[in-house]
Number of protein chains: 2
Amino acid sequence: MASQSKENYLKALFHLDQKDKAISVTELGKVMEVKKSSVTNMVKKLAESGWLKYEKYQPIRLTKKGRKAAALIIRKHRLTEMFLVTKMGFGWEEVHDIAEQMEHIDSPILFDKMDELMDSPRFDPHGSPIPSKDGTLHATHFYPLDSFKQNDIVLLKALRHSEHTFLEYLNSKELKLHEQIAIHSIEPFDKSMIVSYGKHTHVVLSATISTNLMCEKVGDI
Amino acid sequence: MASQSKENYLKALFHLDQKDKAISVTELGKVMEVKKSSVTNMVKKLAESGWLKYEKYQPIRLTKKGRKAAALIIRKHRLTEMFLVTKMGFGWEEVHDIAEQMEHIDSPILFDKMDELMDSPRFDPHGSPIPSKDGTLHATHFYPLDSFKQNDIVLLKALRHSEHTFLEYLNSKELKLHEQIAIHSIEPFDKSMIVSYGKHTHVVLSATISTNLMCEKVGDI
DNA sequence: AAAATTTGTTAGTTATAGCTAACTTATTAA
DNA sequence: TTAATAAGTTAGCTATAACTAACAAATTTT
């Protein structure tokens, strides 16, 4: 495939692409933490190799080929994260940086083996879906905790993002994926919630937290 | 640490260093599969960062710092190989290329975890010693099968090299590491041997094979 | 000891991937 | 609708790490 740098651009493009709106040079530069001029340069090269379509001053559009390549890199990343957590005993807050490097490893047998050893997991440790081998990423239908109502019972299915500090916070609250959460009340003023889950009853979750907890309703109190 | 390319130079230098004789630019170039001019250039840079000592037209000498850095890269390589074989079910002929990439991953916790999960293995799947965490590589005292005598019983402890075809050959003969080998006779003309091991009796091993099987004597027939 | 060969170095080129500075195009505000 | 701002591009520079071609030093052979 492409160089590590190119793979990172493809990955970033894939993520921006998911948010449906047009992808700009400036935006891509922000995500990649490089200057706009560097982006213009790189995007030209990626266009030459058919990973994306690009015309001066126009939005960047991934091609089917580019989208598939990106999905397969993300597949390697997420399979690795899941392997590290389920087979090696790492915490979900430890695996991102390792997977960030492992995703560039060129070895189909390695990732096939991980997949096999884990019986083809569909989600990574943070609840993000793992693209399938053909580069397909099926959409999930989870909604932020703050979009549910009082007396709803939900399951925590994914995190909107996986920043280290956020994961550490959830660890400190012993709030894990697939945990059942009961919404006792919602404070109208700051949207903070009083919830119960696992062995914790009547815990306060701020709106900052609850917007990032992606859930699925399973019943009522 | 250094770039991937620099790490590969250090590794090559370490291996050449083990063969005690002075390291030349030409030799290093052959191992690295680059032109001599590229070596001269790189060696200058490595010298500037203190990985080695170098003066024009003089042999290259690794510094203590360089030797340690190299040993730690080799540690990552060999730990990975062992992990892939013992924890993931790969064959010893499949792991080199993967480890070659994984050895550049910057993540102490990953390799510490592998080490822990395997209870600090001392050898990799091909019998090569794994440098310890402080960069020490203890010498092994194994000798090629062809240096033993008729009626000696030995254990296969390591391979002199691990080329894919050689490993495949050993697989086809069902000859594994730690297998006990009894030397029945040695053909004086071509130094081929008739040996028995496992469930195989009176198998012929050519000198080409036996020189690459590093063994340790455990008794007599 | 001179000639031939091998070994090693230097200078200059290429590709990748970033940067700054200057400029152009597009969009938004006055 | 002009002016200001934001977005995007171009040109030229830097570092890494390879290369070739030409040359210099060291070693071997005759």
Side-chain angles (χ1 to χ4, degrees), chain A residues 1-14 16-17 19-62 66 69-70 73 100-101 103-106, chain B residues 1-14 16-17 19-62 66 69-70 73 100-101 103-106:
Chain A
M1 229 285 284
S3 68
Q4 228 157 286
S5 187
K6 290 198 176 100
E7 290 194 346
N8 286 335
Y9 273 92
L10 285 177
K11 213 178 23 142
L13 281 162
F14 187 92
L16 290 173
D17 199 47
K19 316 189 192 157
D20 60 87
K21 65 179 168 55
I23 303 166
S24 70
V25 166
T26 303
E27 213 176 3
L28 183 51
K30 272 177 193 150
V31 175
M32 291 297 298
E33 296 183 289
V34 299
K35 301 296 172 199
K36 288 178 296 177
S37 57
S38 306
V39 173
T40 303
N41 266 305
M42 183 56 99
V43 154
K44 281 181 186 171
K45 286 183 208 157
L46 291 170
E48 271 170 35
S49 321
W51 306 109
L52 51 83
K53 292 287 177 192
Y54 166 70
E55 268 162 302
K56 268 193 188 182
Y57 300 104
Q58 290 312 117
I60 302 156
R61 289 167 303 137
L62 270 179
I73 297 161
E100 204 66 14
Q101 298 180 67
E103 73 192 6
H104 300 295
I105 286 182
D106 175 23
Chain B
M1 227 283 285
S3 68
Q4 227 157 285
S5 188
K6 290 200 175 97
E7 291 194 346
N8 286 334
Y9 273 92
L10 285 177
K11 212 176 27 140
L13 281 161
F14 187 91
L16 289 172
D17 199 46
K19 316 189 193 159
D20 60 85
K21 65 178 168 58
I23 303 166
S24 70
V25 166
T26 304
E27 214 175 3
L28 184 52
K30 272 177 193 151
V31 175
M32 291 298 298
E33 295 183 288
V34 299
K35 302 296 172 202
K36 289 179 295 178
S37 58
S38 307
V39 174
T40 303
N41 266 306
M42 183 56 98
V43 155
K44 281 181 186 171
K45 286 183 209 157
L46 291 170
E48 271 172 34
S49 321
W51 306 109
L52 51 83
K53 293 285 176 194
Y54 165 71
E55 269 163 300
K56 268 192 188 183
Y57 299 104
Q58 291 311 117
I60 301 156
R61 290 166 304 137
L62 270 180
I73 296 161
E100 203 67 15
Q101 298 180 67
E103 73 192 6
H104 300 296
I105 286 182
D106 175 24

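Here is how names work: the chains are called A, B, and so on, in the same order as the sequence lines, proteins then strands, and each is numbered from 1.
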If we only count heavy atoms from C-beta on, is the L10(B) to L62(B) side-chain gap below 4.5 Å?
yes
Selected nucleotide, minimal atom distance to M42(A) side chain, candidates dA17(C), dG8(C), dC19(D):
dA17(C)
Does dT10(C) have OP1 or OP2 under 4.0 Å away from a side-chain N or O of K56(B)?
yes
For dA17(D), does OP1 or OP2 lie under 4.0 Å from any side-chain N or O of K6(B)?
yes
On the nucleotide dT10(C), are OP1 or OP2 found under 4.0 Å from the side-chain N or O atoms that K44(B) carries?
yes
Would you say I23(B) and Y54(B) make side-chain contact, with heavy atoms under 4.5 Å?
no
First of V34(A) and K30(B) reached from the 5' end of DNA chain C, by closest nucleotide:
K30(B)
Round to a whole Å and report the spacing from NZ of K36(A) to C1' of dA22(C).
12 Å
What are the two closest non-hydrogen atoms of I60(B) and L28(B), and how far apart are they?
CD1-CD2, 4.0 Å
Would you indicate whether the side-chain heavy atoms of E27(A) and L16(A) approach each other to under 4.5 Å?
yes
Mind calculating the distance between OH (Y9(B)) and C1' (dA17(D)) to the nearest angstrom?
8 Å
Which heavy-atom pair separates V25(B) from K36(B) by the least distance, and what is that distance?
CG1-O, 3.7 Å
Does Y54(A) have a side-chain nitrogen or oxygen under 4.0 Å from the phosphate oxygens OP1 or OP2 of dG8(D)?
no
Whole angstroms only, please: what is the CG-P distance between L46(A) and dT16(C)?
11 Å
Does a side-chain N or O of T26(B) approach OP1 or OP2 of dT7(C) to a distance below 4.0 Å, or not?
no
Indicate whether OP1 or OP2 belonging to dA18(D) is found under 4.0 Å from a side-chain N or O atom of S37(B).
no
Round to the nearest Å and state the distance from N41(A) atom CG to dA15(C) atom P.
14 Å
Contact class for T40(A) (heavy atom, under 4.0 Å): base, sugar-phosphate, or nothing?
base
Rounded to whole angstroms, how far apart are NZ on K35(A) and P on dA17(C)?
19 Å
Grab the NZ-P distance between K45(A) and dT16(C) for me, whole Å please.
6 Å
Atom-pair distance (CD1 on I60(A); P on dG8(D)), nearest Å:
8 Å
Protein-nucleotide distance (E55(A), atom CD; dT24(C), atom P), rounded to Å:
22 Å
Does dG18(C) have OP1 or OP2 sitting under 4.0 Å from an N or O in the side chain of S38(A)?
no
